[in-house]
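Everything below concerns the one structure shown next.
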Amino acid sequence: MSAQAVETKRWTPEEYLAWERAQPEKHEFYRGAVFAMAGGSREHNLLVGNIVRLLGNALLDRPCEAYPSDMRVKIPATGVYTYPDASALCQRPEFDDRHADTLTNPEVIFEVLSESTEAYDRGDKFEHYRSIPSFKEYILVAQHKILVEHFVRQADGSWNLRVLRAGDRVEIASLRCVLAVDEMYRKVFEVGEQAE
């Protein structure tokens, strides 16, 4: 995981959920351990806000749902509970329990990369996500330069990558919508300010 364990106690999923629902901060869960999540930078928060707004607008008149980072996702095959930066689906949402605060069937997941989470988001976390049968598209968004990596699951289970930059458009087939990369990065950088 990308953060330090909250304490050394071994948690059950039920203990974690009962405790987590009462916490002001978010925590991930994996193999009996609970991990505090770090706060996001200005750029990270602007990107997440833009992505959720664009998704919400694109899906407004359709039977689809887009969620910000407060929607917890459970990965049934591995038992991980995590908070993607954004997630969406155009099928009926399925939840872990009656609280309807832990989604188990996202189709599309967005993660905004940071120095502390990039290796995990690209590696182990992506591996966990790939075990979700409904999961079809993974979109990684750099926060220090305009760069979007769009992974799409193929019929044979392999994943294709498309790299997008300023002026490009992200075509999200499973949601039947398109997001402009420039709009995802709106107000994140001043002209010429993008970090190299």
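Treat the numbers as computed from the prediction; the structure is a model and nothing was measured. For the single chain, residues carry numbers from 1 onward in sequence order.
For the pair E15 and K9, the salt-bridge criterion is met [side-chain N within less than 4.0 Å of a carboxylate O].
Atom CD1 of residue I109 and atom CG of residue L89 lie 10.5 Å apart, to the nearest 0.5 angstrom. The NE2 atom of H150 lies 9.5 Å from the CG atom of L161; values are rounded to the nearest 0.5 Å. Atoms OG1 and CG, on T102 and L17 in that order, are 5.0 Å from each other to the nearest 0.5 Å. Here M184 contributes atom CE and L164 contributes atom CG; the two are 8.5 Å apart, rounded to the nearest 0.5 Å. To the nearest 0.5 Å, atoms CZ (R72) and CG (L103) are separated by 11.0 Å. If you take CZ on F29 and CZ on R31, they are separated by 11.0 Å, rounding to the nearest 0.5 Å.
Contact annotation: the side chain of D121 never approaches that of E118 to less than 4.5 Å [non-hydrogen atoms, C-beta and beyond]. Between I146 and V181, the closest side-chain pair of non-hydrogen atoms falls below 4.5 Å. L46 places none of its side-chain heavy atoms less than 4.5 Å from the side chain of F189. Inter-residue side-chain proximity for V163 and D168 is flagged as unmet; no heavy-atom pair is nearer than 4.5 Å. Side chains of Y67 and P84 form no contact here, defined as non-hydrogen atoms less than 4.5 Å apart. Looking at P106 and Y129, their side chains never come closer than 4.5 Å, going by heavy atoms from C-beta outward. Within the 4.5 Å cutoff, the side chain of L140 has heavy atoms near those of the R122 side chain. For the pair V108/I139, a side-chain contact is recorded, criterion being any heavy-atom separation below 4.5 Å from C-beta on.
For residues 9-116, the set of pairs meeting the disulfide (SG to SG under 2.5 Å) definition, not counting sequence neighbours, comprises C64-C90.
A donor-acceptor pair under 3.5 Å is formed between the side chain of Y185 and the backbone N or O of K145. A donor-acceptor pair under 3.5 Å is formed between the side chain of T104 and the backbone N or O of E94. In this structure a side-chain-to-backbone donor-acceptor pair under 3.5 Å is present from D85 to V112. Side-chain atoms of N105 come within 3.5 Å of backbone atoms of R92 as a donor-acceptor pair (strictly under, hydrogens ignored). Formation of a donor-acceptor pair under 3.5 Å by the N45 side chain with backbone atoms of R42 is not found in this model.
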Problem - ring pair (Phe, Tyr, Trp, His ring centres under 6.0 Å) evaluation trace for W11 with Y81 - result: CA-CA 12 Å; W11 300 70; Y81 290 81; over 10 Å; no
Problem - Trace of the salt bridge (charged side-chain N to carboxylate O under 4.0 Å, His left out) decision for R21 with D97 - result: CA-CA 13 Å; R21 287 176 174 134; D97 59 25; 2.9 Å; yes
Practice task
List the steps and the verdict of side chain to side chain contact (heavy atoms under 4.5 Å, CB included) for L147 and R165.
Solution key: CA-CA 5 Å; L147 178 67; R165 293 185 169 75; 3.9 Å; yes
Practice task
Before giving the answer on side chain to side chain contact (heavy atoms under 4.5 Å, CB included), spell out for I172 and L179 the whole-Å C-alpha distance, their side-chain angles and the decisive distance to 0.1 Å.
Solution key: CA-CA 8 Å; I172 307 172; L179 304 184; 3.9 Å; yes
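Taking all atoms of both residues into account, the shortest heavy-atom contact from V52 to P68 is CG2-CA, 3.8 Å. The two residues Y83 and H27 come nearest to each other via the heavy atoms CE1-O, 3.2 Å. Taking both residues in full, the closest heavy atoms of R53 and E183 are given as NH2-O, 4.2 Å, listed atom of the first, atom of the second, then distance. Across every non-hydrogen atom of C177 and A58, the tightest pair is CB-CB, 3.9 Å. In terms of heavy-atom proximity, F95 sits nearest to D101 at CD2-N, 4.1 Å. Listed here is the closest heavy atom pair of A88 and L175: CB-CD1, 3.7 Å.
If you check the side chains of E43 and H144, you find no donor sitting under 3.5 Å from an acceptor. Inspection of the S174 and E107 side chains reveals no N or O donor paired with an N or O acceptor under 3.5 Å. With no hydrogens or angles considered, a side-chain donor-acceptor pair links S69 and K26 at under 3.5 Å.
Hydrophobic clustering of Ile, Leu, Val, Met, Phe, Trp and Tyr side chains at less than 4.5 Å, counting indirect connections, unites W159 with L113. Hydrophobic clustering (side-chain heavy atoms under 4.5 Å, transitive across Ile, Leu, Val, Met, Phe, Trp, Tyr) groups M37 together with Y16.
Of the residues H128, E28, E111, the one that meets the side chain to side chain donor-acceptor pair (under 3.5 Å) test with T82 is E28.
Around the CZ atom of R186, the shell of radius 6.0 Å holds no more than 12 heavy atoms that belong to other residues, nucleotides or ligands. Annotation: Q154, atom CD; neighbour count of heavy atoms from other residues, nucleotides and ligands within 6.0 Å is above 12.
For the pair R153 and F151, the NZ or CZ position fails the cation-pi test of under 6.0 Å to the six-membered ring centre and within 45 degrees of the ring normal.
Here Y138 and F126 bring their ring centres to under 6.0 angstrom of each other.
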